[in-house]
Number of protein chains: 2
Amino acid sequence: MSQTASIKDVATHAQVAVGTVSNVLNYPDRVSQRTKERVLKSIAELGFVRNDAARQLRAGQSRTIGLIVLDVGNPFFSSVARAAEDAAAALGSVVLVGDSGQDASREAHYMDLFQEQRVQGLLISPVGDVGQRIDTLRERGVPTVLVDELADTERCSSVSVDDEEGGYLAAKHLLDTGRRRLAFVGTPSIRQVASRLKGAQRAVSEVSDAGIEVLDSEGQTVLTGRKVGNSLVERSPEERPEAVFCSNDLLALGVMQSLTMLRTVRIPEDIALIGYDDIDFAISAVVPLSSIRQPTEALGRTAIELLAEEQESGGTKHRSVVFTPELVVRQSTAGAPK
Amino acid sequence: MSQTASIKDVATHAQVAVGTVSNVLNYPDRVSQRTKERVLKSIAELGFVRNDAARQLRAGQSRTIGLIVLDVGNPFFSSVARAAEDAAAALGSVVLVGDSGQDASREAHYMDLFQEQRVQGLLISPVGDVGQRIDTLRERGVPTVLVDELADTERCSSVSVDDEEGGYLAAKHLLDTGRRRLAFVGTPSIRQVASRLKGAQRAVSEVSDAGIEVLDSEGQTVLTGRKVGNSLVERSPEERPEAVFCSNDLLALGVMQSLTMLRTVRIPEDIALIGYDDIDFAISAVVPLSSIRQPTEALGRTAIELLAEEQESGGTKHRSVVFTPELVVRQSTAGAPK
DNA sequence: ACTCGTTTTTGAATCGTTTCATTTGTTACG
DNA sequence: CGTAACAAATGAAACGATTCAAAAACGAGT
């Protein structure tokens, strides 16, 4: 009783063949009512629990999907992950989440791990150059879907958000409210951030007397945002930008804290502020923060859908879905300047 | 080449026996240099990747530890989870994270799933009554460690934080700074919250002219905190508490937003505010928030350690580790009132 | 009672690894 | 040259499920 019962033990106990027990579990219709009851009774009495490893070995594949994100602590990714988990659960699969922490070697480590687990498929928000590895996986029948990154459709499917459009929306909004001297805060070395900046620059170029200054935050956290905010406070009023666009909400909240703490700069009167991601904290910040909302649930759900499509097509048909971000206006960009 | 190579294919390719390939992977010292090189070369050429399911099946156990938390979105749990993952990685194990969302049926679902996976052990922050299931698991050789919950040492190990002490620390601090009319905000139906309240009440009872009012927040989020904050603002100044202790930082931040937004109440001059958990956002709030810090990294790390102890002792020896929380004083409780 | 057709049950083969008792190969020493 | 001692390599058995061709049981019709 102490050790786990196997299907064989159940068969013996119920006086049937092992195949019958398996049928009860997998094809109940093939088994007569009487034996089914007997087997189920034995299963309950012995406390039998399927051994997933044995099942997988025979099946050659697991019911598991791997997901590698840049940072699970980031609300954006945890939201995507949760949506993916829910969608996968509906298909009877489980999602394993790996956190690369923006480190290529950790990313590679998780890819190896998932390969050993014979995952059904892989969802990944890549940090390193994973093209080669994805090719290998595809050859072996493991489809991959890029998340939050546009893929070469020759290679694999992807689900992403139009970052350039998001950047454009944010800057356009600031310009529409009359601000002209803009600043962009972020780390353009990250692809998503660079795209957002590009969109912002496009919006600025459409307005003759507008300009945008780029401030590298060297990080995407609240703390690095505060540093940038402090540097803005130290400037003389006429050297300060009229509006600041941060590449994510954490940065924006950091900037906001620096600006409001010293009470010399008012938001939005002196400086308007907009972030990106629309995390839960944005609406409940000191000054409710305008932001660019990304459809995280749709991202996660669609990623699973695309993975299913890949599986059905045998990994030959790829598709890229690009969502459009949405401007959310709150108090931090209200009114006109001056 | 398209399908995955097995150890047998490697053996054929390298012209050795399968056992030798296995030895190269698991006991390199048993194999001569020459054959080792040959096998490794074949492995590389064929792109062989271990099949974890087969390995587990043979081993009878996985290299996997299950962790069930109340909410992965909560920074407290995501921090504990990360620490557990790191500690497990050092032992060559992987942590699977399941989110019960405070729902007993989801919790049961994950327990079933982990049992099918034959996890090495289970870490769980329980929501339902899991005593029975834990007993069953123990009988089957799967040790369990309760996380953030004190266990009956007869049954299993646990790692927790002294919530009553934390509550005491918070209230004592408020009293020490001269505040007398306190308010407690939280949902006492949750065990941890109830303990914190109990500790706070003890501190209050030690001071003759002090009192504490309990405000049920019906939730533990920023939004529910704001509701409570609004109700405080609506009160006449003399009816307002001098200090508010919130059962977590999200609530406290919500309360803070309500109070500061209307600019009629000053923090900490009119109302002092203290939270619980010391999440990253606490230090960077409008008014930096005093809080009770819980050693999340130690919790996660120790949980894994206790699990290892359980395994070594064959599940006979149980131990409970209780950490002491720590008061972190910031601006939100600075100075004396009036 | 016998046949045919259908439903139910059987049990050996299989998945890919690890283990371990044996066999084979090598070296050292009398 | 023989053999003991040790190192290295072998390959069959086992883990626990699923599958599937074959056997058995059943029921209906004559």
Side-chain angles (χ1 to χ4, degrees), chain A residues 3-40 42-43 46-64 92 112-113 115-120 140-141, chain B residues 3-40 42-43 46-64 92 112-113 115-120 140-141:
Chain A
Q3 277 313 319
T4 316
S6 78
I7 211 172
K8 212 169 191 167
D9 300 323
V10 174
T12 308
H13 188 269
Q15 303 192 60
V16 296
V18 289
T20 305
V21 179
S22 177
N23 281 334
V24 169
L25 294 169
N26 301 295
Y27 307 95
D29 294 346
R30 290 189 192 163
V31 184
S32 74
Q33 190 62 27
R34 228 160 51 85
T35 41
K36 203 187 318 191
E37 277 167 12
R38 202 144 40 89
V39 169
L40 289 175
S42 296
I43 286 178
L46 298 178
F48 166 77
V49 177
R50 257 200 188 89
N51 184 322
D52 200 52
R55 205 229 267 259
Q56 276 185 41
L57 173 58
R58 182 63 233 249
Q61 232 208 183
S62 71
R63 302 295 297 156
T64 293
D112 288 343
L113 191 72
Q115 223 176 324
E116 287 190 7
Q117 308 258 7
R118 299 292 190 272
V119 293
Q120 289 179 278
R140 302 215 173 130
Chain B
Q3 278 312 319
T4 317
S6 78
I7 212 174
K8 213 169 192 167
D9 301 324
V10 174
T12 308
H13 188 269
Q15 304 191 61
V16 295
V18 289
T20 304
V21 178
S22 177
N23 281 333
V24 170
L25 295 169
N26 301 295
Y27 307 94
D29 294 346
R30 291 189 192 164
V31 184
S32 74
Q33 190 62 28
R34 229 160 48 86
T35 41
K36 203 187 318 188
E37 277 166 13
R38 202 144 40 90
V39 169
L40 289 175
S42 295
I43 286 178
L46 297 178
F48 165 76
V49 177
R50 256 200 188 89
N51 183 322
D52 199 52
R55 204 229 264 262
Q56 276 185 42
L57 174 58
R58 182 64 234 248
Q61 234 209 183
S62 70
R63 302 297 297 158
T64 293
D112 287 343
L113 191 71
Q115 222 175 325
E116 288 191 6
Q117 307 259 7
R118 298 292 191 273
V119 292
Q120 290 179 279
R140 303 215 173 129

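Here is the naming used below: chain letters follow the sequence lines, and residue numbers restart at 1 for every chain. Note that the coordinates shown come from a computational prediction; the quantities given were computed from them, not determined experimentally.
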Would you say a side-chain N or O of B:Arg118 is under 4.0 Å from OP1 or OP2 of D:dG16?
->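 So the side chain of B:Arg118 is outside the cut-off, no N or O lying under 4.0 Å from OP1 or OP2 of D:dG16.
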Any side-chain N or O of A:Tyr27 less than 4.0 Å from the OP1 or OP2 oxygen of D:dT18?
->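 For D:dT18, OP1/OP2 do not have a side-chain N/O of A:Tyr27 under 4.0 Å.
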Of the residues in residues 51-61 of chain A, which ones touch DNA chain C at a heavy-atom distance under 4.0 Å?
->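 Close to the strand are A:Leu57, A:Arg58.
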Using a 4.5 Å cut-off on heavy atoms from C-beta on, say whether the side chain of B:Phe48 contacts that of B:Asp9.
->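 The answer is no; the side chains never approach within 4.5 Å.
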Are the side chains of B:Gln56 and A:Asn51 in touch, meaning some heavy atoms are under 4.5 Å apart?
-> no
Partner set under side chain to side chain contact (heavy atoms under 4.5 Å, CB included) for [X], not counting sequence neighbours:
X	value
B:Leu113	A:Val94, B:Tyr110, B:Gln117
A:Glu116	B:Val49, B:Arg50, B:Asp52
A:Gln120	A:Gln61, A:Arg63, A:Ile65, A:Ser93, A:Gln311

Contacts of A:Ser32 that satisfy side chain to side chain donor-acceptor pair (under 3.5 Å) - sequence neighbours left out =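 A:Thr35.
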Under the side chain to side chain donor-acceptor pair (under 3.5 Å) test, residues paired with B:Thr64 that sit two or more places apart |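 Listed in chain order: nothing, the list is empty.
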Grab the two heavy atoms, one from [X] and one from [Y], that are nearest each other, plus how far apart they are.
X	Y	answer
B:His13	B:Ser42	ND1-OG, 2.8 Å
B:Ala54	A:Leu57	CB-CD1, 3.7 Å
B:Ala17	B:Ala11	C-CB, 3.9 Å

Roughly how many Å is it from [atom1] in [X] to [atom2] in [N], rounded to a whole number?
X	N	atom1	atom2	answer
A:Leu46	D:dA17	CG	P	12 Å
B:Lys8	C:dT18	NZ	P	14 Å
B:Arg63	C:dT17	CZ	P	17 Å
A:Ile7	D:dG16	CD1	P	11 Å
A:Phe48	D:dA17	CZ	C1'	8 Å
B:Gln117	D:dG16	CD	P	16 Å

Got a list of protein N/O to nucleotides 7-9 of chain D N/O distances below 3.5 Å?
| unit_1 | atom_1 | unit_2 | atom_2 | d |
| --- | --- | --- | --- | --- |
| D:dA9 | OP1 | B:Ser32 | OG | 2.9 |
| D:dA9 | OP1 | B:Thr35 | OG1 | 2.7 |
| D:dA9 | OP2 | B:Ser32 | N | 3.0 |
| D:dA9 | OP2 | B:Thr35 | OG1 | 3.1 |

What do the steps show when you test A:Val31 against A:Val39 for side-chain contact (heavy atoms from CB on, under 4.5 Å), and what is the final call?
-> CA-CA 10 Å; A:Val31 184; A:Val39 169; 5.9 Å; no
Quick test: give all pairs of protein nitrogen or oxygen and nucleotides 24-27 of chain C nitrogen or oxygen below 3.5 Å, distance rounded to 0.1 Å.
none

Backbone N or O of B:Thr4 within a donor-acceptor pair of the A:Arg140 side chain at under 3.5 Å?
-> no
Could you tell me whether A:Ser22 contacts a base, only the sugar-phosphate backbone, or nothing, with contacts defined as non-hydrogen atoms closer than 4.0 Å?
-> base
Side chain to side chain donor-acceptor pair (under 3.5 Å) pairs, two or more places apart, involving residues 15-25 of chain A |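 Residue pairs passing side chain to side chain donor-acceptor pair (under 3.5 Å), neighbours aside: A:Ser22-A:Asn26.
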Using five base pairs at each end, measure the axis-to-axis angle across the helix from C:dA1-D:dT30 to C:dG30-D:dC1 and round it to 10 degrees.
->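 About 60°, once rounded to a multiple of 10°.
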With sequence neighbours excluded, give me every salt bridge (charged side-chain N to carboxylate O under 4.0 Å, His left out) pair touching residues 25-36 of chain A.
-> none
Specify the residue among A:Val21 and B:Gly19 whose closest nucleotide of DNA chain D lies further upstream toward the 5′ end.
-> B:Gly19
